[in-house]
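Below is one structure, written out as structure tokens; the observations come after it.
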Amino acid sequence: MNIRSSRKQVTFAHPFTLSGYADLLPAGNYDVLVEEELLQGLSFEAYRRTSTHMIVTGQAGRAEMRPITEKDLDAAIGRDQAAPQPGAQNE
């Protein structure tokens with residue numbers, strides 16, 4: 001079984017929550033790790049996502065890999081982008 005991993009960074013401008021976790025996370029940059037496995041038996045190369053984790057650093061500097069779904073991550077990013085920007089005035 002061939003597995004590949006990728007890492008990306010997402011930025012939140014506002015404090016946010018993730019589905020399945022009770023705590024409010026601070027605004028900032030977060031690393032997201034994605035693992036995918038190669039689908040066997042196809043005539044072309046294709047991968048299926050097997051896991052997604054967000055690395056969250058706690059107050060004591062301890063890092064935690066939190067399993068999340070792509071849907072929950074996209075929802076958190078969408079809520080962050082829809083929130084009013086600090087200092088923005090309503091017209």
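Along the sequence shown, the residues carry numbers beginning at 1.
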Review point. If every non-hydrogen atom of A76 is compared with every non-hydrogen atom of T17, which pair is closest and at what distance?
Key: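 For A76 versus T17, the nearest heavy atoms are CB-O, 3.9 Å.
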Exercise for review: Would you name the heavy atoms of P67 and Y21 that are closest together and state the gap between them?
Suggested key: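 Minimum heavy-atom separation between P67 and Y21: O-OH, 3.0 Å.
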With the side chain counted from C-beta on, respond yes when [X] and [Y] share a heavy-atom pair under 4.5 Å apart, and no when they do not.
X	Y	result
R49	Y47	no
I55	L33	yes
M54	L73	yes

To the nearest 0.5 Å, how far apart are [atom1] in [X] and [atom2] in [Y]?
X	Y	atom1	atom2	value
D23	R66	CG	CZ	4.0 Å
D31	H53	CG	NE2	13.5 Å
I3	T50	CD1	OG1	6.0 Å
T11	I77	OG1	CD1	9.0 Å
Y30	L18	OH	CG	8.5 Å
H14	F12	NE2	CZ	11.0 Å

Check your understanding: Charged N to carboxylate O under 4.0 angstrom, R4 versus E35?
Key ->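 No, R4 and E35 are not salt-bridged.
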Practice item. Kindly work out whether a path of hydrophobic side-chain contacts (I/L/V/M/F/W/Y, heavy atoms less than 4.5 Å apart) joins V32 to M65. Key: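 No, separate clusters.
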